[in-house]
Amino acid sequence: DKGNHRHFMQKEIYEQPVVVAQTLSSYLRTLEARVALPDMEFDLGSVERVAIVACGTASYVGAIGKYWIEQLARVPVEVDVASEFRYREPVLGPNTLGLVISQSGETADTLAALRHMKACGVTTAGIINVPTSSMAREVDLLLPTHAGPEIGVASTKAFTCQLAVMAALSANLARAKGRLEAAEEARLVRHLTEVPAAMNAALSHDAEIEGMAHTIAGARDVLYLGRGPDYPLALEGALKLKEISYIHAEGYAAGEMKHGPIALIDESVPVIVIAPSGPLFEKTVSNMQEVQARGGKVVLISDAEGLAQAGEGALATIEMPKVHPLIAPLVYAVPVQLLAYHVAVAKGTDVDQPRNLAKSVTVE
Ligand code: F6R
């Protein structure tokens, strides 16, 4: 049931503050200001390496997790798309935690990668939305997302709930490795607790985003730029736009622009810049200005501070609430999803059932 929404995708975007809060509530003990994981039969503190495997949108959660786990826990992380991992003879040393991420829990390549890791004797965990799925049954440690059924083919609420679990896992691992002091853990818990309200604030810009969608809908190519944990979000933005609006889109690390892709820029190319204020902001803005100098039409997504500093000259701006840069991808996902959604609606595509795509990819 779509309720009063026109599409399941729109409904699921709007459900995010509630389902992310639900997911967080099972991983945060807010009264004690601690993060928590379900009981497990292995020692998280013994993990010396994390190998993350997933497909599509779920793989971008893994890529964001790499920034979080390495920064907080100082444990090296590698991220692979499952179709590559399976066939590249990955080196899986002892004390590796194999982590799969999947909404359906049935994606053929991810399931095969999980079985391969288990066959190699690797301890596995899974961030999974469907609790009765094959992956949920086969992982050593199930880390459920509580997104509820996701009907729209383009993943939205599953993505942000996966991120919520990933944040909790990163913090737990950091604590188990003796890298997270109680005060820092309390701060992280507070930042995470603020996410649902921040998502609501992000949703309040829906009409504005709808207004700019018509301009984007006329473009042939769209670029998304981000740095740090917002780089994988740029990849996710491009994927979301491609799959439901059929507009060609690419995500890049902002610093990579001058190594090739800036050649694409002219007045016809909208560039979506994801840049919360924080330590990486200045660098991203200088990449953005290089784009503007070549006529690129920038849509800057930032907070009030960032927009005051760099919003001038943009085609459009979208103001996000101020959030800690580490958890920004959870909140900035909302405008990125809304933009793809409204562009697709403006183009008249079948938003919930895009051509050539299936919700669950159970063949290779
Ligand atoms: C994109 C999308 C896909 C899935 C991918 C993995 O919006 O939904 O890229 O993320 O097919 O699916 P799951 O998470 O079910 O393994």
Side-chain angles (χ1 to χ4, degrees), residues 7-13 15-16 19 23 52-65 79-86 98-115 117 124-139 142-166 224 232-247 249-251 329 333-334 336-341 343-344 349-364:
H7 298 97
F8 281 108
M9 182 181 179
Q10 185 187 37
K11 171 173 176 263
E12 289 161 2
I13 290 172
E15 279 173 355
Q16 289 178 113
V19 293
T23 299
I52 303 179
V53 184
C55 296
T57 290
S59 78
Y60 301 140
V61 173
I64 292 169
V79 186
D80 277 277
V81 292
S83 56
E84 287 301 311
F85 180 86
R86 281 181 72 182
L99 177 64
V100 293
I101 307 167
S102 178
Q103 189 286 126
S104 63
E106 301 294 349
T107 301
D109 281 317
T110 310
L111 183 58
L114 170 64
R115 289 176 176 161
M117 290 195 282
T124 58
I127 300 177
I128 295 159
N129 196 40
V130 179
T132 52
S133 62
S134 306
M135 283 182 229
R137 280 182 272 118
E138 293 183 29
V139 286
L142 174 61
L143 302 171
T145 43
H146 302 290
E150 192 179 60
I151 310 295
V153 162
S155 187
T156 52
K157 63 176 181 169
F159 174 72
T160 45
C161 286
Q162 286 161 353
L163 284 176
V165 177
M166 181 61 91
Y224 288 75
L233 183 61
L235 299 175
E236 165 64 1
L239 177 62
K240 215 91 300 180
L241 189 71
K242 277 187 263 215
E243 67 180 330
I244 61 169
S245 77
Y246 316 145
I247 295 174
E250 297 297 336
V334 172
V336 161
Q337 296 162 346
L338 284 172
L339 188 64
Y341 173 74
V343 171
T349 60
D350 188 346
V351 172
D352 285 331
Q353 287 289 334
R355 68 186 184 200
N356 311 341
L357 289 171
K359 181 67 187 159
S360 191
V361 184
T362 53
V363 293
E364 299 178 13

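Being a predicted model, the structure only gives us computed values, none of them experimental. Order of appearance sets the numbers: ligands from 1, and atoms from 1 within every ligand.
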Which of the ligand 1 atoms, numbered from 1, are nearer than 4.0 Å to a heavy atom of [X]:
X    : value
V153 : 8 (O)
G56  : 9 (O)
A154 : 7 (O)

For [atom], find the nearest protein heavy atom and state the residue, atom name and distance (0.1 Å precision).
atom                    : value
atom 7 (O) of ligand 1  : E243 OE2, 2.4 Å
atom 3 (C) of ligand 1  : T57 N, 4.1 Å
atom 12 (O) of ligand 1 : T107 OG1, 3.4 Å
atom 15 (O) of ligand 1 : S104 OG, 2.7 Å
atom 6 (C) of ligand 1  : C55 O, 3.4 Å
atom 14 (O) of ligand 1 : Q103 N, 2.6 Å
atom 11 (O) of ligand 1 : V361 CG2, 4.2 Å

- Answer side chain, backbone, both or neither: which part of E106 comes under 4.0 Å from ligand 1, heavy atoms only.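 Neither; nothing of E106 gets under 4.0 Å from ligand 1.
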
- Message: Side chain, backbone, both or neither: which applies to T110 and ligand 1 if a contact is any heavy-atom pair less than 4.0 Å apart?
- Response: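 Neither part.
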
Tell me, do [X] and [Y] make a side-chain contact under 4.5 Å, heavy atoms counted?
X    : Y    : answer
E243 : L357 : yes
Y60  : V79  : no
Y341 : T156 : no

- Message: Measuring from non-hydrogen atoms of T156 to any atom of ligand 1, is the shortest distance under 4.0 Å?
- Response: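 It does not, in that no heavy atom of T156 comes within the 4.0 Å cut-off of ligand 1.
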
- Heavy-atom gap S360 to ligand 1 smaller than 4.0 Å: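 No; S360 lies far enough from ligand 1 that no heavy-atom distance drops under 4.0 Å.
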
- Message: How long is the straight-line distance from OG1 of T124 back to CE of M117, given to the nearest 0.5 Å?
- Response: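 If I round to the nearest 0.5 Å, the distance is 6.5 Å.
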
- Message: So, taking the atom named OG1 in T23 and the one named CG in L163, what distance separates them when rounded to the nearest 0.5 Å?
- Response: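 Here the interatomic distance stands at 11.0 Å.
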
- Query: Can you list the steps and then say if Q162 with T145 is a side chain to side chain donor-acceptor pair (under 3.5 Å)?
  - Reply: CA-CA 6 Å; Q162 286 161 353; T145 43; 5.6 Å; no

- Stepwise side-chain contact (heavy atoms from CB on, under 4.5 Å) check, S133 with R137: CA-CA 6 Å; S133 62; R137 280 182 272 118; 6.0 Å; no

- Task: Could you list the residues that satisfy salt bridge (charged side-chain N to carboxylate O under 4.0 Å, His left out) with E12, not counting sequence neighbours?
- Result: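 For E12 there are no salt bridge (charged side-chain N to carboxylate O under 4.0 Å, His left out) partners, ignoring immediate neighbours.
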
- Query: Under the side chain to side chain donor-acceptor pair (under 3.5 Å) test, which residues partner Q103, sequence neighbours left out?
  - Reply: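 Checked Q103 against side chain to side chain donor-acceptor pair (under 3.5 Å); matches are N129.
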
- Item | salt bridge (Lys or Arg N to Asp or Glu O under 4.0 Å) assessment of K157 paired with E150 | CA-CA 7 Å; K157 63 176 181 169; E150 192 179 60; over 6 Å; no

- Do any N/O atoms on K240 end up under 3.5 angstrom from N/O atoms on ligand 1?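 There is such a contact, yes.
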
